[in-house]
Amino acid sequence: MTPFTQNVVSIITSIPEGRVMTYGQIAAHAGSPRAARQVVRILHSMSRKERLPWHRVVNAKGEIAIPDEHSRLIQETELISEGVEFKLDGTIDLEIFGYQPEPE
DNA sequence: GCCATGGCTAGTA
DNA sequence: GCCATGGCTAGTA
């Protein structure tokens, strides 16, 4: 695992229950602000093995970004059970539920 | 080559 | 809607 990947994994692992981070925020905190899509790849390939709380990652608009219907339902259900609220338009208020790890 | 992004624009009300 | 982007566990939650 490369240092960037390690950072991403540890950041995702550190997201507390009931809070969410965006792909871009995670990439930025891992040291590469424009590598949001790489965060996606890591989520894809490592969610299981590393037991990542993958459901606590959303896009910059506060939306669930998963294409697969079944998986997005799981994500929504998990978040709601942790106390995250969805607005009527289906987005999460990042001002309230967004998580900012301590900067380096 | 892939990808569950993100930020900026176009075209419209 | 378009397209620059970047790191790499490609049996996907």
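Proteins come first, then strands; the chains are lettered A, B, ... in the order of their sequence lines, and each starts at number 1.
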Residue pair A/E82 / A/H55, side-chain donor-acceptor N/O under 3.5 Å: yes
Separation of the P atoms in C/dT12 and B/dC3, to the nearest angstrom: 12 Å
Would a single hydrophobic cluster contain both A/W54 and A/L73, if residues Ile, Leu, Val, Met, Phe, Trp and Tyr are joined by side-chain heavy-atom contacts under 4.5 Å? no
Sugar-phosphate only, base, or nothing, as touched by A/S32 at under 4.0 Å among non-hydrogen atoms: sugar-phosphate
Between A/R41 and A/W54, the residue closer to the 5' end of DNA chain C by nearest nucleotide is A/R41
To the nearest angstrom, the CD-C1' distance between A/Q6 and C/dG7 comes to 14 Å
Length of the line joining A/M1:CE and C/dG7:P, which is rounded to integer Å: 16 Å
Would you classify A/K49 as touching base, sugar-phosphate or nothing, given that sugar-phosphate means primed atoms plus P, OP1 and OP2, and contacts are heavy atoms under 4.0 Å? base
Within the side chain of A/S47, is there an N or O that forms a donor-acceptor pair under 3.5 Å with the backbone of A/L43? yes
Shortest side-chain distance from A/H44, nucleotide among C/dT9, B/dT5, C/dT12: C/dT12
Figure out the OH/C1' separation between A/Y23 and C/dG6, and round it to whole Å. 17 Å
A/R48, nearest nucleotide to its side chain (from C/dG6, C/dT12, B/dG6): C/dT12
Starting from P on B/dG6, measure out to CE on A/M21 and report it in whole angstrom. 11 Å
If you go through the side-chain atoms of A/R34, does one of them form a donor-acceptor pair with the base of C/dT5 closer than 3.5 Å? no
